[in-house]
Amino acid sequence: MRISQFLISTLKEVPADAEIISHQLMLRSGMIRKLASGLYTWLPLGLRVLQKIENIVRDEMNKAGALEILMPAVQPAELWQESGRWEQYGPELLRISDRHNREFCFGPTHEEIITNLIRHEVRSYKQLPVNFYQIQTKFRDEIRPRFGIMRAREFLMKDAYSFHLDQDSLQATYEVMYKTYTNIFNRLGLKFRAVIADSGNIGGNNSHEFHVLADSGEDTIAYSDTYAANVEMVPVLPPTEPRPQPTTDMTTVDTPNQHTIEELSQFLSISPSKCVKTLIVQGTESLVALVLRGDHTLNIVKAGKLSQVCSPVIFATTEQIKDVIGCGIGSLGPVGLKISVLVDNNVGNLADFVCGANQDGKHLTGVNWGRDLPEPQLVDIRNVEAGDVSPDGNGKLEIARGIEVGHIFQLGTKYSQAMQATVLNESGKNITMTMGCYGIGVSRLVAAAIEQNHDQRGIIWPTTIAPFTVALLPMNMHKSQRLRQVAEDIYAKLLAVGIEVLFDDRKERPGIMFADCELIGIPHRLVIGERGLDNGEVEYKGRLDEKAQTVPLENVIEFIQKVII
RNA sequence: CGGGGUGUAGCGCAGCCUGGUAGCGCACCACAAUGGGGUUGUGGUGGUCGGAAGUUCAAAUCUUCUCACCCCGACCA
């Protein structure tokens, strides 16, 4: 491609609303432009990357025996009503009506549509198992789209759905998909990790997420040598050591204006781990108090799974707390509470701890279970932390940030049952099909790849998804007929051997060419200059190389062919 | 949804408090010099100052309403 016939619109300055590096670089390199909140246009450069990723995904899915289809983005409400999700899904589902006032939605996912298709198309167990996928635009009306393409409202997703006679067959396909995803992310050149995951509102049981590792990731994952899971899923093993004996009496102390654990622990000169915090949430009947150690944090997903607690977790308002308990937030504690109190395992073995007195400006010290308040009802509601024992009992956990780019689920019969998707088995009996589903955030992968591969100068594309493989930069071509001829010759030869070249035939100064080339992140760079030509040489530099090297003019094509592998 | 903030040229911003001909840098166009790391000079193109209503002789500036976008949002108990 000649730049003169392409669109390279790079920016020197960072647009003010871009926070994370991938968003900044995608705007600066001219890959995307924003249309409205969470809606982006892909410019030619960005689209090339997106399509490369798409093609790798497609290739691996095909290899795994999945069949590509394409379903409508707009879906009739009836199918969602049939599965029950028209009510459940909430405001993230973009609902629209047509001219006859028939209700539709713009699909955030396609379980209903595929299940409807398969229940009509597949009648016999002999046709199973099947696995269909599509690469298609989804819309989810996020509360707060951010980070550019990373969390957009409209995005490109690969979604696959498999249908089976039984769980064993599903398990087999699930494992094939796990392996396929591993192959895909390896081919994309990304550092990633598969983790045990919560299945959220898609439904089903067994589930893994695939995370690209990056500090800017919105998810936290915990892992050891033999275990990896999304933090929201990780159980904390109960403490093994027994609770110490009380050594002091319970005392009420004045703690004016001490609201946070940090303030309180400094004010009383004690460790936050000796303080206890009490969070009030909506319960299924009345309010419920959740009690955690001061240095621990609440795991909302685990808390939401407790039978006494509303799911998803809703925190009580300041007014509710005032009404029911009679004090402001910042002075709450489990002693003498009239509502249900659920206590994290790690608080259960504290002695002589500090907590709010349920009176403004007062806290209690020297509090002990079984003496000052009843023995606690113990639950597991805190987030794991680095250094905690792995749930499989094998070593200690480490914590990392990740960007969720893939998610595989075993759905079971959630949709097939609701929508009566059955086949006849060998003995002529109707069997509800068992389903799996498998998603990859194709557009998100573009941003994730940049988060993991960039430097001060710009993007560093993994070779397999780079928009171009080689940049050809002639220095001051307009001034030298000889140089022009050599450049045109190399360009034609590289094209002839099937290499994607970006030929900078603009009348720009070298500095601009170098800067653009590095910002755009093209992995290999050839520079042609008068000086080199005098010696029959051109210059090569890989995007990650410290220094350039010279290559004899006659060997350039062979050299590039070797180096790009 | 709640809180905070921002809307002035494609991008980054100043001007607003104290009303009086709409500015700067980058980008873009032309010419010239320069020519291996975002060069320099000269001259240009481009804006209903987010929108509406109001106050005023006069509104980017003051008032009210409205829209869009950005950030934060319950571990503070």
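Numbered from 1 within each chain, the chains take letters A, B, ... in sequence-line order.
- The side chain of A:I143 lies closest to B:C1, out of B:C71, B:C1, B:C75.
- At the heavy-atom level, A:A289 lies nowhere under 4.0 Å from the strands shown.
- Pairing of B:C24, defined by two Watson-Crick or G-U wobble distances under 3.5 Å, is identified with B:G12.
- Rounded to whole Å, the separation between the C1' atoms of B:G7 and B:U61 comes to 15 Å.
- The P atoms of B:C75 and B:A68 are separated by 29 Å, rounded to the nearest whole Å.
- Among residues two or more places apart in sequence or in another chain, the side chain to side chain donor-acceptor pair (under 3.5 Å) test is passed with A:N358 by none.
- Protein atom CD of A:E19 is 18 Å distant from nucleotide atom P of B:G5, rounded to whole Å.
- Within 4.0 Å (heavy atoms only), A:I321 reaches at least one base atom of the nucleic acid.
- If you check every strand for non-hydrogen atoms under 4.0 Å, A:D516 touches a base.
- Salt-bridge check for A:R140 with A:E154: failed, with every basic side-chain N at 4.0 Å or more from each acidic carboxylate O.
- Remark: C1' of B:G37 and CD of A:Q456 are 15 Å apart, rounded to the nearest angstrom.
- Pair assignment for B:G41 gives B:C31, based on Watson-Crick or G-U wobble hydrogen-bonding distances that are each under 3.5 Å.
- Judged by the 6.0 Å and 45° rule, A:R33 forms no cation-pi pair with A:W42.
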For a quick check, with a 4.0 angstrom heavy-atom cut-off, what is the B/S/- contact string for nucleotides 7-14 of chain B, read 5' to 3'? ----BSS-
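- Within the 4.0 Å cut-off from OP1 or OP2 of B:C70, not a single side-chain nitrogen or oxygen of A:R146 is found.
- Atom CZ of A:R144 is separated from atom P of B:A68 by 17 Å (rounded to the nearest Å).
- A gap of 22 Å separates the P atoms of B:G73 and B:C13, to the nearest Å.
- Across the C1' atoms, B:G44 and B:G50 are found 28 Å apart, a figure rounded to whole Å.
- B:C71 atom P lies 12 Å from atom CZ of A:R151, rounded to whole Å.
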Contact letters for nucleotides 27-36 of chain B, in which S counts primed atoms plus P, OP1 and OP2 and B counts the base, heavy atoms under 4.0 Å: S------BBB
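- Contacts with RNA chain B (heavy atom under 4.0 Å) in residues 349-363 of chain A: none are found.
- Using a cutoff of 4.0 Å between basic side-chain nitrogens and carboxylate oxygens, A:D141 and A:R153 are scored as salt-bridged.
- Taking atom P on both B:G25 and B:A9, the two are 15 Å apart, rounded to the nearest angstrom.
- For A:D380 and A:K302, the salt-bridge test passes: some basic side-chain N is under 4.0 Å from an acidic carboxylate O.
- Nucleotide B:U48 has no partner under the Watson-Crick or G-U criteria, as no pair reaches both atom distances under 3.5 Å.
- With respect to the salt-bridge test (charged N to carboxylate O, under 4.0 angstrom), the residues A:D455 and A:R543 qualify.
- Under 4.0 Å is where a charged nitrogen must lie from a carboxylate oxygen, and between A:R293 and A:D295 at least one such pair does.
- Comparing A:A36 and A:E262 by the nucleotide of RNA chain B that holds the closest heavy atom to each, the one mapping nearer the 5' end is A:A36.
- With rounding to whole Å, A:D504 atom CG is found 15 Å from B:G37 atom P.
- Using P as the reference atom, B:U63 and B:G20 are 15 Å apart when rounded to the nearest Å.
- B:G19 is unpaired under the Watson-Crick or G-U wobble criterion, no partner having all donor-acceptor distances under 3.5 Å.
- Side-chain contact between A:I280 and A:I325 is present, with heavy atoms from C-beta onward closer than 4.5 Å.
- Look at CZ on A:F315: it is 6 Å from P on B:C75, rounded to the nearest Å.
- Ion pairing between a basic and an acidic side chain is recognised when a charged N comes within 4.0 Å of a carboxylate O; A:E385 and A:K396 show no such pairing.
- B:G15 and B:G3 are spaced 28 Å apart, taking the P atom of each and rounding to whole Å.
- Proximity of A:S37 to the phosphate of B:C70: a side-chain N or O atom is located under 4.0 Å from OP1 or OP2.
- Under the 4.0 Å criterion applied to side-chain N and carboxylate O atoms, A:K479 and A:E530 are not assigned as salt-bridge partners.
- Residues passing the side chain to side chain donor-acceptor pair (under 3.5 Å) test with A:W461: none are found, sequence neighbours excluded.
- Heavy atoms of A:T278 sit under 4.0 angstrom from at least one base atom.
- Here, B:U64 and B:U56 have their C1' atoms 16 Å apart, quoted to the whole Å.
- Not counting sequence neighbours, A:S340 has no partner by the side chain to side chain donor-acceptor pair (under 3.5 Å) test.
- Using the Watson-Crick or G-U wobble rule with both distances under 3.5 Å, B:G7 pairs with B:C67.
- Residues A:F6 and A:F503 place their aromatic rings such that the two centres sit no closer than 6.0 Å.
- Salt bridge annotation for A:E375-A:R243: present, with a cationic side-chain nitrogen under 4.0 angstrom from a carboxylate oxygen.
- Counting non-hydrogen atoms under 4.0 angstrom, A:R382 reaches nothing in the nucleic acid.
- In this structure, the CG atom of A:L27 is 16 Å from the C1' atom of B:C26, given to the nearest Å.
- In this structure, A:L35 places its CG atom 12 Å from P of B:C70, rounding to the nearest Å.
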